[in-house]
There are 2 protein chains.
Amino acid sequence: MAHPSDFTTRGDQRLPLHVRVKDDLVRRVRANEWSSDAPLPPESALAEQYGISVGTLRRVLSELSAEGLLERHQGRGTFVRRATFQHSLFRFFRMQGSSGQTPGSRILASDTIEAPADIAQVLHVGSRSKALHMERLRLWDDTPFLLEDIWLPLPWFQAVADADPQTLGNLLYPEYETRVGVIIGAATEELSVTQATSHQANLLNCAIAEPLVKIIRIARTHTGDVAEYRESYGLASSFRYQVEIN
Amino acid sequence: MAHPSDFTTRGDQRLPLHVRVKDDLVRRVRANEWSSDAPLPPESALAEQYGISVGTLRRVLSELSAEGLLERHQGRGTFVRRATFQHSLFRFFRMQGSSGQTPGSRILASDTIEAPADIAQVLHVGSRSKALHMERLRLWDDTPFLLEDIWLPLPWFQAVADADPQTLGNLLYPEYETRVGVIIGAATEELSVTQATSHQANLLNCAIAEPLVKIIRIARTHTGDVAEYRESYGLASSFRYQVEIN
DNA sequence: GAGTGGTCTAGACCACATA
DNA sequence: ATGTGGTCTAGACCACTCT
């Protein structure tokens, strides 16, 4: 099944070898064929499996490494890259005085309900399918600074829904990886400015209609499937967001 | 001078060949050895120039192509990539109803002055060196929506300072390329929320202390030299900013 | 048809990690 | 000492562009 014996029969035969091998390796990584602790087979073995030369296989592995799906270490092997989103995705909302630490979090609600139509569409769940909705408050030293509405598609994320909210760690993406086997690989964020509702003002300890920054994040796996829809609201006065554009 | 005859004597001899060749090619591109209309020499010629195999040279050119410095076209050749920042950098402030068009711009002021210490440091000009400062208003259909403070290092950008502000186009990065030979290749942006000063409120046609989004952009060449420092201010109510994270 | 980059191979040798 | 990935070479053949 995971073995590429039927590799030559899959995909468009007219595509270059390195493209077909790359697609197949992405599929196998996504199918959790290798844990992120043990290395993939060495180049020579993989090349033989696919019936291609080592040079061609090297090209594929190098590309996947450059794209962040794999990590290569001379002398040790090739590994599936873990979700390291603390560094890449959580690089905003650096509060004054608080350095490098991850903020605390408090899950206020966790329900299995029907998602609003627009969110259901983004998550690619049918209009009458259920989704897991969580409301979460993030804090620095018990001071709330960010309010999050998180939507996860079901039944895919059923394991997260079944977990006791209190046992979920401060960071959700590692939980996705361990409980569902989902590694977040990319995301889109859209920023805008709104005004606090009474509900939000109450939780964020600010005045009603005070300006809030709203961040809509759509997180995807390496293969492009939408795994999470998230709306975050934070006080505009303490907002700071950095982006690198290349 | 631009010819790589002295290539073997430059750089750390212990570095891999492909690294040294890559650094040298970046230098030659930056020195405007090739315009963006004519192709670089073919692989075979370049490989012979450097005294390396075609395979190694191919690796370098492929990397530079992936990094966006070069463009390769089968059958046509390898070209220096032009500044295409309209698509990548100017992907914010999409106003409602206005699609894909570039906004109008009005340069309000253009002066050669000493930059404030913090900006001078970012631009890497000495503390008593001059910089070109421009204040620019951007408009959709004669309605102002963005106010920009732009700082350029001198004497590097003297050709821009000497130009009549009225002759500068709506987009500045193409002007940098044609007048100074600078291609912007990367940038960092930092977003925060401030309140409008009376000066800003006057120009943006809003109330004093109304929330504004502030964007600090530091733009760099492909080689990492800071070419521009820019502060942009826009009405928070019409603000929308999209980012892709990978 | 001539010239360009794209694909793929086969193999030598080196640098690093681990036991 | 062994096995891993990293560097570099030499060359065959294909696909595309231009004249």
Side-chain angles (χ1 to χ4, degrees), chain A residues 4 7-8 10-25 28-29 33-81, chain B residues 4 7-8 10-25 28-29 33-81:
Chain A
F7 153 75
T8 45
R10 199 169 19 232
D12 191 331
Q13 302 298 129
R14 296 166 304 181
L15 257 37
L17 264 180
H18 71 266
V19 172
R20 275 144 54 201
V21 170
K22 187 173 178 178
D23 288 348
D24 193 66
L25 274 174
R28 293 171 75 184
V29 166
E33 187 168 334
W34 305 284
S35 82
S36 16
D37 299 321
L40 270 62
E43 298 176 339
S44 52
L46 275 178
E48 196 179 4
Q49 279 185 25
Y50 284 109
I52 63 175
S53 77
V54 183
T56 302
L57 186 87
R58 281 190 59 79
R59 169 175 175 170
V60 173
L61 293 180
S62 297
E63 286 177 5
L64 292 175
S65 164
E67 292 169 16
L69 187 66
L70 299 179
E71 279 178 288
R72 312 195 79 201
H73 299 283
Q74 192 175 23
R76 295 208 288 128
T78 303
F79 300 80
V80 175
R81 187 169 219 154
Chain B
F7 152 75
T8 46
R10 198 169 19 234
D12 191 331
Q13 301 298 129
R14 295 166 305 180
L15 257 38
L17 264 180
H18 71 266
V19 173
R20 275 144 54 200
V21 170
K22 188 173 179 178
D23 289 347
D24 194 65
L25 274 173
R28 292 171 75 183
V29 166
E33 186 166 336
W34 304 285
S35 81
S36 19
D37 299 321
L40 271 61
E43 299 176 338
S44 52
L46 274 178
E48 196 179 6
Q49 278 185 25
Y50 284 109
I52 63 176
S53 77
V54 181
T56 302
L57 186 87
R58 280 191 59 79
R59 168 175 176 170
V60 172
L61 293 181
S62 297
E63 285 177 4
L64 292 175
S65 165
E67 292 169 16
L69 186 65
L70 300 178
E71 278 178 288
R72 312 195 77 201
H73 300 283
Q74 191 175 22
R76 295 209 287 129
T78 303
F79 300 81
V80 175
R81 186 168 216 155

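Every value quoted in this text rests on a predicted model; they were computed, and no experiment measured them. We name chains A, B, ... by the order of the sequence lines, and we start the count at 1 in each one.
- We find that CZ of B:Arg20 is positioned 12 Å from C1' of D:dC8, with the value rounded to whole Å.
- Summarising the geometry, the separation between CD1 on B:Ile52 and P on D:dG6 is reported as 19 Å, rounded to the nearest angstrom.
- Atoms OG and CD, from B:Ser62 and A:Glu63 in turn, are 9.0 Å apart once rounded to the nearest 0.5 Å.
- Rounded to an integer number of Å, the gap from CG of B:Leu40 to P of C:dT4 is 12 Å.
- Rounded to an integer number of Å, the gap from CG of B:Leu46 to P of C:dG3 is 17 Å.
- Considering CZ of B:Arg59 and OG of B:Ser53, their distance stands at 11.0 Å, rounded to 0.5 Å.
- In this structure, the separation between CG on A:Leu46 and CZ on A:Arg28 is 6.5 Å, given to the nearest 0.5 Å.
- Between the CG atom of B:Leu17 and the OH atom of B:Tyr50 there is a distance of 11.5 Å, given to the nearest 0.5 Å.
- Atom OH of B:Tyr50 and atom P of D:dT7 are 18 Å apart (whole Å).
- Comparing atom distances between the A:Ser53 side chain and each of D:dT9, D:dT4, C:dC8 picks out C:dC8 as nearest.
- When each of A:Arg76 and A:Val19 is assigned the nucleotide of DNA chain C with its nearest heavy atom, A:Val19 is the one assigned upstream, toward the 5' end.
- Taking atom CD on A:Gln74 and atom C1' on C:dT18, their separation rounds to 13 Å, with Å as the unit.
- For DNA chain D, the neighbouring residues in residues 55-73 of chain A, judged by any heavy atom under 4.0 Å, are A:Arg58, A:Arg72, A:His73.
- Between the P atom of D:dT4 and the CD atom of A:Glu48 lies a distance of 12 Å, rounded to the nearest Å.
- Heavy-atom distances to DNA chain C give each of A:Pro16 and A:Gly75 a nearest nucleotide, and the one nearer the 5′ end belongs to A:Pro16.
- Residues A:Leu25 and A:Leu64 are in side-chain contact: their nearest non-hydrogen atoms beyond the backbone lie under 4.5 Å apart.
- At the heavy-atom level, B:Thr78 lies under 4.0 Å from the strands shown only through sugar-phosphate atoms.
- Listed candidates were C:dG5, C:dT18, C:dC8. Nearest to the side chain of A:His18 is C:dC8.
- With hydrogens and angles ignored, the 3.5 Å screen pairs no side-chain donor or acceptor of B:Arg58 with any backbone N or O of B:Glu43.
- B:Val19 has its side chain out of reach of B:Lys22: every pair of non-hydrogen atoms, C-beta onward, lies at least 4.5 Å apart.
- Atom CZ of A:Phe79 and atom P of C:dA17 are 12 Å apart (whole Å).
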